[in-house]
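Structure, as structure tokens:
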Number of protein chains: 2
Amino acid sequence: MTKKSADPADTTVPAARQVPMRDFSRSLPMSLLRAREAVMRQFRPSLREHGLTEQQWRILRALASIEAVEVTELARTAFLLGPSLSRILRDLEARDLIERRTAKADQRRSMVSISKEGLKLMAAVAPTSEAIYAEITRRFGASKLAELQEMLGELEQSLAGLGSADDTLADG
Amino acid sequence: MTKKSADPADTTVPAARQVPMRDFSRSLPMSLLRAREAVMRQFRPSLREHGLTEQQWRILRALASIEAVEVTELARTAFLLGPSLSRILRDLEARDLIERRTAKADQRRSMVSISKEGLKLMAAVAPTSEAIYAEITRRFGASKLAELQEMLGELEQSLAGLGSADDTLADG
DNA sequence: CGCATTCACTTAACATGTTAAGTATCTCGC
DNA sequence: GCGAGATACTTAACATGTTAAGTGAATGCG
């Protein structure tokens, strides 16, 4: 732990230390991953008590503020890929937390909405969830939190359209 | 795509709009998730070309700077859970990218190190990876990037020891 | 020593991420 | 109105995340 072992005079090195790269643990992806994990660790226990995973909760929340959405738009909102969403919707429907009906105008489209059961579950989870979020805000600082979110948004913007030319998740 | 289809005249509202919560898409977990995805989207194609996943790459990078580590410490460094690491090490070993030997002092421990093949692969991937990182830094701004990482670290610190009392991943 | 406990790791089971292929429906040009 | 292409989703296949249980080896205590 306290042993750096990055000693230039270390002659016992079998193979390593030959590929020059940034310190791995300080890379941006790792920072983001660790930060997000630190945050989600706070929420998971509460969600778990209600039999919900993080993604299922995202979907319910996305549905709570609207009447009904197509699957594709829901995927964009909840930031899930189609296949993941497809599976989760199947399960949520089996649990009667959501409802699905085929759009009249376009038989390909499936309109998804939250059910009465789903709303009841949300009402049960929301207070705890909000309390946790409030505690995180208190610990980190509200203004700092806002600033962080601002920077995260800017980072996203910086990289928009850099990757694949056909970024499906891009905001039309 | 350009069709919103959120018809206000749809009087068939089933249930929604009854659970008061923050705007879902502006929650901290979502911001972190989107930001990280925006970043990783840049790296994945290059890694994929070399037959590596993001996690495999994390492991190789973690191994490149040391001689050998126990699996448990590697898990902490690469920020992977034991079971995931166990599987990935099995695969990387089958591909001769890493080597494993049981510790003499403690037969339970398994010492992992990167192989010559692994180093060769890293040497092949590193340039592109560094170039991508440089481009991200250029786009977002070096000082802003440093500031962001600083804030992410603080966020982590804020939440350390809030979740489970026995946070195994805590830095000793 | 004997044995319960702890430890390091693996396996198992289920859920999601990710890419590719499949299916049904729609659109459009002709 | 028909057939090629686009669209909206689903299924499939493989890899990882996550939790729980299993296995073998070390520790500690009587």
Side-chain angles (χ1 to χ4, degrees), chain A residues 29 33-34 36-37 40-41 43-45 47-49 51-59 68-76 78-95 100-112 163-164 166-169 172, chain B residues 1-3 5 29 33-34 36-37 40-41 43-45 47-49 51-59 69-76 78-95 100-112 163-164 166-169:
Chain A
L33 181 57
R34 279 196 303 251
R36 183 174 143 79
E37 179 53 31
M40 284 317 299
R41 204 198 312 276
F43 289 100
R44 261 190 279 269
L47 291 178
R48 186 173 174 71
E49 276 180 22
L52 287 175
T53 66
E54 176 193 335
Q55 292 82 356
Q56 291 169 345
W57 178 237
R58 286 220 298 273
I59 291 172
V69 264
E70 310 167 19
V71 172
T72 299
E73 190 182 340
L74 181 56
R76 196 175 54 76
F79 209 71
L80 293 169
L81 293 179
S84 294
L85 183 54
S86 209
R87 278 178 306 214
I88 302 175
L89 287 181
R90 168 166 49 71
D91 299 346
L92 292 179
E93 188 174 22
R95 288 166 65 182
R100 239 193 307 201
R101 58 184 171 71
T102 309
K104 292 164 279 293
D106 189 337
Q107 295 292 102
R108 294 172 304 180
R109 289 178 158 78
S110 171
M111 304 303 291
V112 184
S164 45
D166 59 354
D167 37 355
T168 315
L169 288 174
Chain B
M1 191 70 79
T2 47
K3 177 176 159 198
S5 87
L33 180 58
R34 279 195 302 251
R36 184 174 142 79
E37 179 54 29
M40 284 316 300
R41 202 198 314 275
F43 290 99
R44 260 189 280 268
L47 291 179
R48 185 174 174 72
E49 276 179 21
L52 287 175
T53 67
E54 176 193 334
Q55 292 81 0
Q56 292 169 345
W57 179 238
R58 287 220 298 272
I59 291 173
V69 265
E70 310 167 17
V71 172
T72 299
E73 189 182 341
L74 181 55
R76 196 176 54 76
F79 209 71
L80 292 169
L81 292 179
S84 293
L85 183 54
S86 209
R87 278 178 305 212
I88 301 174
L89 288 180
R90 167 166 49 72
D91 299 347
L92 291 180
E93 189 174 23
R95 288 167 65 183
R100 239 191 309 200
R101 57 184 171 71
T102 308
K104 292 163 280 291
D106 188 338
Q107 296 291 104
R108 295 171 304 180
R109 288 178 160 76
S110 172
M111 303 304 290
V112 184
S164 46
D166 59 356
D167 38 354
T168 315
L169 287 174

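Side chains are part of it too, since the values below use all heavy atoms of this structure and drop only hydrogens, waters and symmetry mates. Within every chain, numbering begins at 1; the chains are lettered A, B, ... in the order of the sequence lines, protein sequences first and strands thereafter.
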Considering only heavy atoms and no angle criterion, is a donor-acceptor pair shorter than 3.5 Å present between the side chain of A/R44 and the base of D/dG17? no
Kindly compute the distance separating CD (B/Q55) from CD1 (B/I59), expressed to the nearest 0.5 Å. 8.0 Å
Give the rounded distance in Å between these two atoms: CE of A/M40 and C1' of C/dG17. 15 Å
Give a yes/no answer on whether the side chain of B/T72 brings an N or O atom under 4.0 Å of OP1 or OP2 in C/dC7. no
Please classify the nucleic acid contact of B/L85 as base, sugar-phosphate, or nothing, using heavy-atom distances under 4.0 Å. nothing
Between D/dT10, D/dG17, C/dT11, spot the one nearest the side chain of A/R100, thanks. D/dT10
Interatomic distance where CZ belongs to B/R109 and P belongs to C/dC7 [whole Å]: 11 Å
B/K104 and B/M111, any side-chain heavy atoms less than 4.5 Å apart: no
If you define the side chain from C-beta out and look only at heavy atoms, does anything of B/L52 sit under 4.5 Å from B/R95? yes
Whole-Å gap separating C1' (D/dG17) and CZ (A/R41): 13 Å
Can you tell which of D/dT16, C/dA8, C/dC26 lies closest to the side chain of A/D106? C/dC26
Among D/dA12, C/dT11, D/dT16, which nucleotide has an atom closest to any side-chain atom of B/Q55? D/dT16
Gap between atoms NZ and P, on A/K104 and C/dC26 respectively (whole Å): 14 Å
Does A/R87 put a side-chain nitrogen or oxygen below 4.0 Å from OP1 or OP2 of D/dA13? no
Tell me which nucleotide among D/dA20, C/dT10, C/dA20 gets nearest to the side chain of B/S86. C/dT10
OP1, OP2 of D/dT16 versus side-chain N and O of B/T53: anything below 4.0 Å? yes
Any non-hydrogen side-chain atom of B/L33 less than 4.5 Å from a side-chain atom of A/R58? yes
B/L74 side chain near B/L89 side chain, heavy-atom distance below 4.5 Å: yes
Which of D/dA26, C/dT18, D/dT16 is nearest the side chain of B/Q107? It is D/dA26
If you pin A/L33 and A/G82 to their nearest nucleotides in DNA chain D, which one's is more 5'? A/G82
A/E70 vs A/R76, salt bridge (Lys or Arg N to Asp or Glu O under 4.0 Å): CA-CA, chis, key distance, verdict: CA-CA 10 Å; A/E70 310 167 19; A/R76 196 175 54 76; over 6 Å; no
Taking the minimum atom-to-atom distance to the side chain of B/E37, which one of C/dG17, C/dC9, C/dT18 wins? C/dT18
Just the rounded figure in Å: distance from C1' of C/dT18 to CG of A/L80. 12 Å
Length of the CG-C1' vector between B/L52 and D/dC14, whole Å: 16 Å
hbond_proxy A/R108 side chain to D/dC9 base (donor-acceptor, 3.5 Å cutoff): no
Output yes when at least one side-chain N/O atom of A/S84 is less than 4.0 Å from OP1 or OP2 of C/dG17, else no. yes
Whole-Å distance, B/I88 CD1 to C/dC9 P, equals 15 Å
Nucleotide of D/dA8, C/dT16, D/dT16 approaching A/Q56 most closely (side-chain heavy atoms): C/dT16
Grab the CD-P distance between A/E70 and D/dT10 for me, whole Å please. 12 Å
